[in-house]
Amino acid sequence: MKKLINAPERYVDEMLEGLTLAHPELSLIGDQGRVVARSTIAQPGKVGIVSGGGSGHLPLFCGYVGHGLLDACAIGNVFEGPNMASCEDAIRRADSGAGVLCLYGNYGGDRMNFDMASELVEMDSIDVKTVLGTDDIASAEAEEAAKRRGVAGLVFAFKTSGARAAKMGTLEQVAQIAQDTVSRTRTIGMGLSPSFLPGSSVGSFEIEPHEVEMGTGIHGEKGIWRAPLQKADQLVDEMVERLLDEKPDNIGSDVAVLVNGMGATSLEELFILYRRVKQRLDGFGFSIRVPLVGSFVTSMEMAGASLSLCFLDKELETLLKAPASCPFWKVGDI
Amino acid sequence: MKKLINAPERYVDEMLEGLTLAHPELSLIGDQGRVVARSTIAQPGKVGIVSGGGSGHLPLFCGYVGHGLLDACAIGNVFEGPNMASCEDAIRRADSGAGVLCLYGNYGGDRMNFDMASELVEMDSIDVKTVLGTDDIASAEAEEAAKRRGVAGLVFAFKTSGARAAKMGTLEQVAQIAQDTVSRTRTIGMGLSPSFLPGSSVGSFEIEPHEVEMGTGIHGEKGIWRAPLQKADQLVDEMVERLLDEKPDNIGSDVAVLVNGMGATSLEELFILYRRVKQRLDGFGFSIRVPLVGSFVTSMEMAGASLSLCFLDKELETLLKAPASCPFWKVGDI
Amino acid sequence: MIVTVQSLADAVRRMEAALLADEAKLNSADSLMGDGDTGSMLTRMFTAIAHIDFEAIDDIGQAFREMARAGSSTTGSSLGTLIIVALITVAKATNGNTSLDAHDIAAHIGAAKLAMMTRGRSAIGDKTIIDGLDFVERAIGDTSTDEPLAIRAVVASRLAVEDFRNRTSRVGRARLLADRSVGLDDPGMLALCTIVRAIANSE
Amino acid sequence: MIVTVQSLADAVRRMEAALLADEAKLNSADSLMGDGDTGSMLTRMFTAIAHIDFEAIDDIGQAFREMARAGSSTTGSSLGTLIIVALITVAKATNGNTSLDAHDIAAHIGAAKLAMMTRGRSAIGDKTIIDGLDFVERAIGDTSTDEPLAIRAVVASRLAVEDFRNRTSRVGRARLLADRSVGLDDPGMLALCTIVRAIANSE
Ligand SMILES: Nc1ncnc2c1ncn2[C@@H]1O[C@H](COP(=O)(O)OP(=O)(O)O)[C@@H](O)[C@H]1O
Ligand SMILES: Nc1ncnc2c1ncn2[C@@H]1O[C@H](COP(=O)(O)OP(=O)(O)O)[C@@H](O)[C@H]1O
Ligand SMILES: [Mg+2]
Ligand SMILES: [Mg+2]
Ligand SMILES: [Mg+2]
Ligand SMILES: [Mg+2]
């Protein structure tokens with residue numbers, strides 16, 4: 001696979017170097033230079049929010065470090081969790097005395113390394129709470145919802161908990177908002193073409209030139225079905241229905257929507273998808289309060305898209321609309 | 001080519017519908033619904049700025065309608081200029097009495113249609129000035145620089161002239177800034193894989209799986225050479241040198257940089273490119289005042305990237321940093 | 001011989017069919033140097049033009065104006081716009097008449113060609129549809145032969161393609177690519193062949 | 001038989017070579033259900049581990065700790081992290097000793113397995129490397145035979161693969177994909193085979 005890189009083994013570090021050179025508001029710290037943090041340390045007493053995960057998903061994860069969002073982010077190799085030392089460095093950096101929320105996707109490696117790092121920093125009396133993104137409804141059955149993986153919907157939790165932390169909420173409150181957001185968020189993806197690990201010529205999944213796969217994850221994890229590509233409206237209809245089938249209990253009619261591109265899918269296509277999402281949600285009586293369309297969580301050159309719904313209450317809506325600023329996403333004026 | 005669409009002939013209109021549904025600050029106007037304009041009309045006396053061009057380049061063109069940027073945008077079919085009526089509608093909408101700058105790429109169809117539309121509105125005493133983007137150094141030799149086509153560098157001119165208009169400059173002044181920006185901007189692109197017109201299975205250019213083409217345009221126009229893919233640093237070095245070979249006279253050491261993705265190229269790769277751009281420009285004694293890295297001007301699912309340099313003076317730098325806000329780009333706080 | 005709204009309408013239907021038949025060929029000619037859309041764009045344009053209710057129109061100038069309007073609603077491409085420019089030119093010149101005399105066709109083509117050159121900022125010899133029109137204009141205007149107009153036009157449009165095949169293109173991606181254009185037929189000139197053939201094919 | 005820092009260092013070099021040889025095979029096993037990186041990740045990890053200067057270390061607990069540290073610097077993947085967890089467990093248990101007795105190996109594997117299960121939130125029977133370790137632990141601990149330890153370990157790691165081939169995976173992409181895992185070998189269990197074979201291959 002053709003990539004504009006120098007060497008597979010330098011991919012992550014050169015990417016991080018470029019990112020922080022282009023965005024001096026972000027700094028590369030940590031023993032191995034695998035932690036991205038805000039260059040200006042947050043005000044004392046603010047709860048820190050840390051995320052992390054494998055590389056290859058920009059803007060996720062480290063692109064969301066910024067005001068009203070994350071404080072630090074531990075970065076792993078492509079599609080691998082961050083190592084324990086990076087998780088520890090990120091947590092220590094994010095702590096300014098009020099504790100740290102670790103908020104990341106529910107992947108084995110990520111979880112083990114963050115857990116071990118949390119145990120280490122807790123020995124130094126840093127309070128840590130963990131909330132895991134579990135929005136991908138295709139990654140496990142509803143009865144095992146806790147086993148689901150975190151994908152694009154994680155961005156909603158970054159935003160709400162980040163806003164709550166910026167308003168000087170306690171660790172308890174910030175974690176509660178993150179958990180509440182995760183519990184109210186559902187995502188389903190679809191893949192048209194795979195991504196490739198740097199240096200590899202084998203794709204993250206195999207698919208015929210005319211096929212689409214419903215339910216693929218952000219590493220190309222296998223989905224629910226695969227069939228010849230259908231019309232965009234038909235795919236959206238199924239996605240909306242699958243998400244609504246799993247909507248949480250006791251929700252209102254307000255939703256936030258993220259139509260997310262996986263990398264190679266054009267903005268044009270994402271807007272064609274959004275058009276139908278809006279029609280269908282309107283039809284079901286929902287009101288879209290926060291529409292997001294773009295490539296927020298990618299899988300390098302993978303073609304495809306995901307749809308995330310976050311079922312809002314007033315508080316979450318306010319937090320989603322609160323000012324925030326990171327290299328890839330600005331909301332309101334700070 | 002797999003695209004998430006419903007029908008090739010509905011591609012543009014459904015995309016525009018989705019765009020304006022997701023961004024209510026933009027409205028679709030004009031007889032044929034092929035003009036995107038700011039929903040809130042600019043204050044009376046502000047010079048209007050209109051752009052336009054073919055579809056398939058989002059965020060260009062209509063994604064740049066917003067405060068401190070464009071007022072209206074005429075949209076054509078994929079890779080075709082906007083028709084005359086759309087150009088006319090866009091100009092009339094953008095006029096609030098102080099005249100209108102038409103600022104777009106130097107493509108035959110676009111120019112003819114904007115020219116004819118301008119002649120029509122001038123009959124109604126609307127002042128119109130035209131500035132054409134001509135930044136693509138690979139599209140004609142230096143002696144014929146006026147024949148060059150406008151590509152990603154156009155975004156700099158949107159930003160500077162938009163800021164000048166927001167500061168209530170006269171049409172003369174706004175056009176002057178646009179021209180000055182264009183004259184100081186140089187771009188070169190490279191393509192790794194083509195884009196496909198909706199419904200077509202023939203790519204915009206042909207390229208072997210292991211090749212790169214230097215100098216491709218944003219419609220897949222043929223470039224300068226084609227060869228097996230090289231290391232990113234080597235490609236960047238050539239691009240930087242080609243751009244500096246053509247730098248305008250009497251410039252200082254400050255530059256704005258845009259490392260632009262053509263669609264399918266990941267942000268990770270763009271940052272790897274930026275890292276080298278920064279190293280090289282530092283080496284040549286330039287100081288990057290405004291670094292932009294992202295997919296600002298695309299060609300649907302084309303893989304590749306372009307590098308634009310805008311050689312700054314103090315005024316252009318101030319204008320580039322002035323507040324602005326459109327769906328895809330926010331600068332500062334408004 | 002005269003051209004009436006009726007015979008114009010018939011010719012439009014033939015043009016639509018001919019462009020549809022040549023669509024892929026024209027696209028592929030354009031894809032060698034351009035963006036590969038000449039055939040699709042013209043098909044779309046002439047489909048819209050063929051939808052005009054010519055029955056309701058008496059004035060041939062009016063008919064050309066409607067053709068320009070319908071064509072314009074479908075495209076802003078270079079070639080499409082140039083054709084619209086040509087249609088507007090003829091519309092202005094024939095406005096108020098119910099027909100157009102065959103003897104005037106060469107002059108109309110000449111006027112259209114000039115308008116296109118002005119709008120397109122291109123010249124004779126640039127290897128574009130303009131050169132095709134130039135050949136056709138001269139062939140039709142030639143009074144030294146009594147070969148039928150239609151035949152002369154078809155032959156001239158083809159001769160132009162042959163004549164320019166090994167010359168270099170001077171519009172579009174300009175000089176840097178000029179060398180590559182040697183040996184390639186210009187898609188606009190090829191499209192003119194299709195159109196002229198369809199007009200001529202009246203039986 | 002005892003394991004010294006020296007024999008551990010030798011084993012590490014064999015593991016590195018064996019993983020390199022099996023890299024593609026392990027990747028392709030992982031690509032059927034996972035992300036296709038098992039081989040590359042382990043090769044990278046054991047290359048770093050093999051770079052440790054074991055000559056400078058006397059304490060075998062210290063040697064395991066350095067292995068955990070070096071491995072951890074290269075990856076945060078599930079399997080890599082589980083291996084690090086195992087190394088840390090053995091490092092703690094052997095800290096302060098210059099060697100490790102062969103009779104204790106089964107117990108160390110058992111302790112490592114438990115630590116991995118706790119950290120990985122997985123169980124015996126989930127069709128992971130844990131099940132491979134479980135087989136190996138039981139085979140080594142079996143006092144009813146005098147077949148050499150090494151042989152028993154190698155055979156057990158292979159038997160685990162065979163035994164689980166037609167069972168369903170219960171970690172990773174979980175239940176929705178479980179059916180597809182029937183008939184496929186778990187990459188973590190395959191990787192264990194490679195590692196155990198390399199350890200055993202001491203002559
Ligand atoms: N400025 C111009 N002057 C004259 N003819 C032109 C000009 N630009 C394009 N053409 C003609 O149009 C043809 C290209 O048509 P087409 O592919 O449909 O347009 P586009 O370049 O907009 O895609 C060329 O082959 C040439 O004959
Ligand atoms: N939670 C877990 N508990 C036990 N073993 C696991 C767990 N997660 C993964 N594994 C093992 O790791 C293997 C996958 O390894 P690898 O592909 O390198 O990791 P990753 O899933 O991070 O890409 C699986 O085959 C399985 O044996
Ligand atoms: Mg992995
Ligand atoms: Mg075109
Ligand atoms: Mg064309
Ligand atoms: Mg794996």
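Just so it is clear: chains get the letters A, B, ... in the order the sequence lines come, proteins before strands, and each one is counted from 1. This is a predicted model, so every value here is computed, not measured.
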Check: Going from CG on B:N113 to OG1 on C:T75, what distance comes out if it is rounded to the nearest 0.5 angstrom?
Finding: 8.0 Å
Next item on the list: Nearest 0.5 Å please: distance from the CD atom of B:E119 over to the CZ atom of C:R119.
Entry: 4.0 Å
Item checked: Residue part contacting chain B, namely of C:S73, when any heavy atom lies under 4.5 Å -> both
Notebook entry, point to check: Using a cut-off of under 4.5 Å for heavy-atom pairs, which of B:Q32, B:R148, B:H219 has the most such pairs with chain C?
Noted result: B:Q32
Checklist line | Toward chain C, the part of B:R111 with a non-hydrogen atom under 4.5 Å | finding: side chain
Notebook entry, point to check: At what distance, to the nearest 0.5 angstrom, does CE of B:M84 lie from CD1 of C:I84?
Noted result: 7.5 Å
Margin query: Tell me the closest heavy-atom pair linking B:G109 and C:S78, and the distance in Å.
Written below: N-OG, 3.4 Å
Next item on the list: Could you tell me whether the side chain of C:V85 reaches within less than 4.5 Å of the side chain of B:M116, counting heavy atoms only?
Entry: yes
Check: For C:R121, is it the side chain, the backbone, both or neither that has a heavy atom under 4.5 Å from a heavy atom of chain B?
Finding: both
Note to self: A quick test of your reading: do over 12 heavy atoms of other residues, nucleotides or ligands sit less than 6.0 Å from CD of B:E206?
What the structure shows: no
Margin query: Tell me whether the count of non-hydrogen atoms from other residues, nucleotides or ligands lying under 6.0 Å of CD in C:E147 goes above 12.
Written below: yes
Next item on the list: Kindly compute the distance separating OG1 (C:T118) from CE (B:M112), expressed to the nearest 0.5 Å.
Entry: 11.5 Å
Check: Would you say the side chain of C:D37 lies within less than 4.5 Å of the side chain of B:L197, judging by non-hydrogen atoms?
Finding: yes
Checklist line | Residue part contacting chain C, namely of B:D115, when any heavy atom lies under 4.5 Å | finding: both
Check: Which pair of non-hydrogen atoms, one from B:N83 and one from C:T74, has the smallest distance, and what is that distance?
Finding: ND2-N, 4.5 Å
